[in-house]
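Reviewing the structure listed below.
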Amino acid sequence: MNTALSETVFSKSVSPETVLVTGASSGIGLELARCFAADKSTLMLTARNTEALEKLAAELRRDHGITVHVLTADLARPDAPEKIFAELQGRGLTVDVLINNAGFGLQGAFAGLSLARQLEIIQVNITALTALTGLFLPGLLARKRGGILNVGSVAGFLPGPNMAVYYASKAFVLSFTEALAAEYADSGLTFNVLCPGPTESNFGTVARGGKARRVQTPRMTARAVAVYGHQKFRAGRVVAIPGLTNRLFAFAPRIAPRSLARRIVKKYNRPIE
């Protein structure tokens with residue numbers, strides 16, 4: 001993996017915290033970076049798209065006078081979390097807030113999709129997230145500040161026919177984050193899982209391969225999702241679901257039969273051929 005780190009210091013002020021954002025080149029990750037930049041946090045942005053990261057970094061330095069580091073990394077590579085951690089350690093950089101945002105999905109019946117790509121979903125959405133958490137959490141516990149914000153999905157509350165691996169991966173993120181919040185309830189850290197529903201981003205384009213969804217639903221902007229997630233993280237909320245419709249969607253499986261949920265989600269995730 002080609003890992004590059006560049007930085008420009010535009011302010012001599014001491015940042016209140018340092019924040020690592022994965023998948024920061026677009027969508028919710030980009031907007032979360034903007035939210036934490038407004039707090040005057042030092043930012044460490046990572047994704048595969050170096051050009052997009054550098055563009056965002058320049059914007060945040062200009063608008064907020066903060067230090068921004070750019071790390072080019074592909075979390076689909078098994079060695080990426082260790083290399084990111086080692087790169088930061090080598091430069092004497094610590095992380096106070098870890099934002100595990102990177103993730104993707106694929107739409108279609110399980111056997112009809114590339115197995116290699118579905119294993120990459122597990123690598124990025126689960127394995128890399130778990131590895132980064134395991135690498136950075138001991139330092140967070142020692143410093144007793146900050147926390148971890150994992151980007152999940154309302155998909156984590158449901159079975160996901162026609163997006164089986166993606167939905168299962170987000171169920172892991174939800175359960176994992178809630179468990180950590182309970183394990184370290186007295187640590188002084190915040191553990192938060194942001195669970196958006198349909199969002200205006202390039203996620204759907206990647207997941208559906210450019211095909212339209214058969215069932216259309218309202219979408220929140222990535223900005224609105226990020227602002228909500230940032231606010232709930234600061235407030236110490238463990239599970240944050242933006243939007244009333246999404247909260248109802250997440251609550252429905254508690255009262256509706258699982259068989260009904262499976263049928264509804266299967267229809268919802270069926271693309272137009």
Spell out, yes or no, whether [X] and [Y] are grouped together once hydrophobic residues are joined by side-chain heavy atoms under 4.5 Å, including indirect joins.
{"X": "Leu248", "Y": "Val225", "value": "no"}
{"X": "Leu115", "Y": "Val124", "value": "yes"}
{"X": "Val97", "Y": "Val227", "value": "no"}

Evaluate His230 against Arg234 for side-chain contact (heavy atoms from CB on, under 4.5 Å), listing each step before the verdict. CA-CA 6 Å; His230 173 260; Arg234 291 302 190 202; 3.7 Å; yes
What distance separates [X] [atom1] from [Y] [atom2], expressed to the nearest 0.5 Å?
{"X": "Arg61", "Y": "Leu56", "atom1": "CZ", "atom2": "CG", "result": "9.5 Å"}
{"X": "Leu20", "Y": "Ile84", "atom1": "CG", "atom2": "CD1", "result": "6.5 Å"}
{"X": "Thr46", "Y": "Leu132", "atom1": "OG1", "atom2": "CG", "result": "8.5 Å"}
{"X": "Leu60", "Y": "Lys55", "atom1": "CG", "atom2": "NZ", "result": "12.0 Å"}

I'd like to know whether Lys83 forms a salt bridge (Lys or Arg N to Asp or Glu O under 4.0 Å) with Glu87, so could you lay out the CA-CA distance, the side-chain angles of the two residues, the decisive distance to 0.1 Å, and finally the verdict. CA-CA 6 Å; Lys83 287 191 174 183; Glu87 186 80 35; over 6 Å; no
Indicate yes or no: at least one non-hydrogen side-chain atom of [X] is less than 4.5 angstrom from one of [Y].
{"X": "Leu71", "Y": "Leu88", "answer": "yes"}
{"X": "Arg237", "Y": "Tyr228", "answer": "yes"}
{"X": "Leu32", "Y": "Val151", "answer": "yes"}
{"X": "Leu140", "Y": "Ile148", "answer": "yes"}
{"X": "Thr18", "Y": "Met44", "answer": "yes"}
{"X": "Met163", "Y": "Leu106", "answer": "no"}
{"X": "Phe36", "Y": "Val21", "answer": "no"}
{"X": "Leu98", "Y": "Leu149", "answer": "no"}

Without placing hydrogens or testing angles, list every side-chain donor-acceptor pair under 3.5 Å for residues 174-189, not counting sequence neighbours.
from: Thr177; atom 1: OG1; to: Asn150; atom 2: ND2; distance (Å): 2.9
from: Thr177; atom 1: OG1; to: Val173; atom 2: O; distance (Å): 2.7
from: Ser187; atom 1: OG; to: Tyr184; atom 2: O; distance (Å): 2.7
from: Ser187; atom 1: OG; to: Leu189; atom 2: N; distance (Å): 3.1

I need the single residue from Thr190, Ile99, Val193 that forms a side-chain contact (heavy atoms from CB on, under 4.5 Å) with Phe233. Which is it? Thr190
Have [X] and [Y] got a donor and an acceptor in their side chains that come within less than 3.5 Å?
{"X": "Thr22", "Y": "Asn101", "result": "no"}
{"X": "Thr50", "Y": "Thr72", "result": "yes"}
{"X": "Asp39", "Y": "His64", "result": "no"}
{"X": "Glu17", "Y": "Ser41", "result": "yes"}

Qualifying side chain to side chain donor-acceptor pair (under 3.5 Å) pairs with a residue from residues 119-132, counting only residues at least two apart or across chains: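 Passing the test, one end in residues 119-132: Arg117-Glu120, Asn125-Ser169.
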Ignoring hydrogens, what is the shortest heavy-atom contact between [X] and [Y]? Give both atom names and the distance.
{"X": "Tyr167", "Y": "Ala155", "answer": "CD2-O, 3.4 Å"}
{"X": "Ile121", "Y": "Tyr166", "answer": "CG2-CA, 4.3 Å"}
{"X": "Leu113", "Y": "Gly108", "answer": "CD1-O, 3.5 Å"}
{"X": "Ala240", "Y": "Asn192", "answer": "CB-ND2, 3.8 Å"}
{"X": "Pro138", "Y": "Thr133", "answer": "CD-O, 4.4 Å"}
{"X": "Lys266", "Y": "Pro161", "answer": "CB-CB, 3.6 Å"}

Counting only N and O atoms by type, is there a donor-acceptor contact under 3.5 Å from the side chain of Glu31 to the main-chain atoms of Ala224? no
Assess whether side-chain contact (heavy atoms from CB on, under 4.5 Å) is satisfied between Thr42 and Val68, documenting all intermediate values. CA-CA 6 Å; Thr42 293; Val68 183; over 6 Å; no
Where do Glu59 and Arg34 land on the salt bridge (Lys or Arg N to Asp or Glu O under 4.0 Å) test, with the steps shown first? CA-CA 9 Å; Glu59 170 201 317; Arg34 286 174 172 160; 2.9 Å; yes
If you draw a 6.0 Å radius around CZ in Arg247, do more than 12 non-hydrogen atoms from other residues or ligands fall strictly inside? yes
Test Val95 against Val19 for side-chain contact (heavy atoms from CB on, under 4.5 Å), laying out the working first. CA-CA 6 Å; Val95 170; Val19 181; over 6 Å; no
Test side-chain contact (heavy atoms from CB on, under 4.5 Å) on Met220 and Asn246 and set out the steps. CA-CA 10 Å; Met220 293 183 68; Asn246 294 327; 3.7 Å; yes
